[in-house]
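Okay, so here's the structure we're looking at.
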Amino acid sequence: MKIVYFAWVREQIGCDEEPAPEGAVTVADMLDLLRGKGGGHAAALGDESRLRFALDQLMVKSDAKLGNASELAIFPPVTGG
Amino acid sequence: MKIVYFAWVREQIGCDEEPAPEGAVTVADMLDLLRGKGGGHAAALGDESRLRFALDQLMVKSDAKLGNASELAIFPPVTGG
Amino acid sequence: MIDVQVQTERFDSGAALDALAQTGAGAVASFIGIVRADGDVAYPDRRVTALELEQYPAMTEAALRSISEAATERFSLTGAIIIHRIGRLEAGEPIVLAAAAAPHRADALDACAYLIDRLKTGAPFWKKQHFADGSAKWVEAKGSDDARAAGWE
Amino acid sequence: MIDVQVQTERFDSGAALDALAQTGAGAVASFIGIVRADGDVAYPDRRVTALELEQYPAMTEAALRSISEAATERFSLTGAIIIHRIGRLEAGEPIVLAAAAAPHRADALDACAYLIDRLKTGAPFWKKQHFADGSAKWVEAKGSDDARAAGWE
């Protein structure tokens, strides 16, 4: 599975995408694992209320199971339009 | 004072405009005088609920006083847009 | 910026929206009314080939201006445009453009609906339908239009 | 007819509205969003010179199509168009066009508001403001946008 980041999440973490660490069942689990990397990851992902998620390009809540998804996107609330 | 007609009121009466008869105080009075002409006037102006009025180009109710207005318009409810 | 036009020729909707976009707006909302071939719900079998739009020339522009000014007083707008065509319009042709520009989208969207709802009951235009079979019939005003206009009062 | 586009270049709003007018519609309603120089209410002193629009490319078109399809299911429409620009947009430039065509005006007006309200909270775009003083700041999502979108649920 691949993790992709957008907007200030991408800027704070310092990369567009990275391979997902192993061992997470839900989006929330994955967040915990990623925060454990410290630095930009910990800062960008610290406040879950400021984040939104998409699994294989569909918006989900943080309790969603990762299942066989191949891409988890983590980004701020959208501001288009 | 001049009376002007539009849409099916104009068609039924058979003219665009005509001089107003003397002696009316309100729009309703004028309607009564005009109906008295019979023919197309009586047919077109018979049902006041199907008519709308403008005095000097401002929409008014039939109880409006004619005052010094120089033009009374009689027409069906508008259907533009 | 308020601009009202009554004309026989087609209007350039893109140019009107561009003009509104240049009023310092963040949002431009527009409505275009079009002649429908199946326009008369009472006669679904009779195809409408054209509409004839009659106006009360001495009153029309003042009425459109008054509606536009009421919109700018009621909503926070940077501009409003109404263009209404008259004369004979074939099925598929545009009849009217009502558009509003505002700093924020709610004002633009609401003002656009306000302009067209008020125009439908307050501007002196009348439509006569011409059917494919050669017959013709004046369009009846709709109670639902009165209700929508009254909703703004 | 549903058409969604994501592009860097300017769009031709007149052409989009003309296309919708040819779907057998009686009404076409549209919304255009524009870069405002005074766009950041939190920093009224800092003039916005440009916005940078970022997207999630793999998701954007599907999200816009899903919003358009939901609109056609909810309202009686003959067509819907969304065009959203990405990249750097200067103050005064159009960002987005959302437009709906319907037999009747209420459906067109409501669907247009629906499209832009849903897009604001459901399509993966992010705006970064560039200010005249050289600073930059990501736009914060507004609670009022969530409330408008939730109003359609």
Side-chain angles (χ1 to χ4, degrees), chain C residues 10-41 48 51 78 91-117 119-120 142 144-145 147-148 151, chain D residues 10-41 48 51 78 91-117 119-120 142 144-145 147-148 151:
Chain C
R10 267 181 185 263
F11 47 79
D12 181 341
S13 52
L17 299 188
D18 286 350
L20 283 173
Q22 283 155 29
T23 57
V28 175
S30 78
F31 176 87
I32 295 172
I34 299 153
V35 182
R36 281 175 61 202
D38 56 345
D40 195 324
V41 288
V48 174
L51 289 182
T78 56
E93 285 196 67
I95 305 165
V96 62
L97 170 78
H104 301 288
R105 86 177 178 286
D107 281 313
L109 290 166
D110 291 348
C112 174
Y114 177 91
L115 290 172
I116 188 66
D117 286 350
L119 184 154
K120 289 252 178 192
K142 290 189 212 126
S144 59
D145 285 343
R148 275 188 72 107
Chain D
R10 268 183 184 262
F11 47 79
D12 181 340
S13 52
L17 299 188
D18 286 350
L20 283 173
Q22 283 153 29
T23 57
V28 174
S30 77
F31 175 88
I32 295 171
I34 298 153
V35 182
R36 284 175 60 202
D38 56 345
D40 196 325
V41 290
V48 175
L51 289 183
T78 57
E93 285 195 67
I95 305 165
V96 63
L97 170 78
H104 301 288
R105 84 178 180 286
D107 281 313
L109 290 166
D110 291 347
C112 174
Y114 177 90
L115 288 174
I116 188 66
D117 286 352
L119 184 156
K120 288 253 180 191
K142 290 188 213 130
S144 59
D145 287 343
R148 277 188 73 105

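In what follows, chains are A, B, ... by sequence order, proteins preceding strands, each numbered from 1. Everything numeric in this text was worked out from a predicted model, so none of it was measured.
- There is no contact between D:Pro94 and chain C, counting heavy-atom distances below 4.5 Å.
- At least one side-chain heavy atom of D:Ile116 sits under 4.5 Å from a side-chain heavy atom of C:Leu109.
- Distance check, rounded to the nearest 0.5 Å: CZ of D:Arg10 to CG of C:Asp18 gives 7.0 Å.
- Among the candidates C:Ala101, C:Ala91, C:Pro103, the residue making the largest number of heavy-atom pairs closer than 4.5 Å to chain D is C:Pro103.
- Contact tally against chain C (heavy-atom pairs below 4.5 Å) for D:Cys112, D:Ala15, D:Ala108, D:Ser13: the top residue is D:Ser13.
- With respect to chain D, the highest number of heavy-atom pairs below 4.5 Å among C:Ala29, C:Gly26, C:Gly24, C:Gly14 belongs to C:Gly26.
- Proximity to chain C is absent for every atom of D:Asp12, based on heavy atoms less than 4.5 angstrom apart.
- Atom CG of D:Leu17 and atom CG of C:Leu17 lie 6.0 Å apart (nearest 0.5 Å).
- Closest non-hydrogen pair, D:Ala27 versus C:Ile34, comes out as N-CD1, 4.4 Å.
- For D:Ala106, the parts lying near chain C are the backbone and the side chain together; criterion is any non-hydrogen pair under 4.5 Å.
- Ranking C:Leu97, C:Asp117, C:Ile95 against chain D, the residue ahead of the rest is C:Asp117, based on heavy-atom pairs under 4.5 Å.
- Considering only heavy-atom pairs separated by less than 4.5 Å from chain D, the leading option among C:Gly92, C:Ala25, C:Gly33 is C:Ala25.
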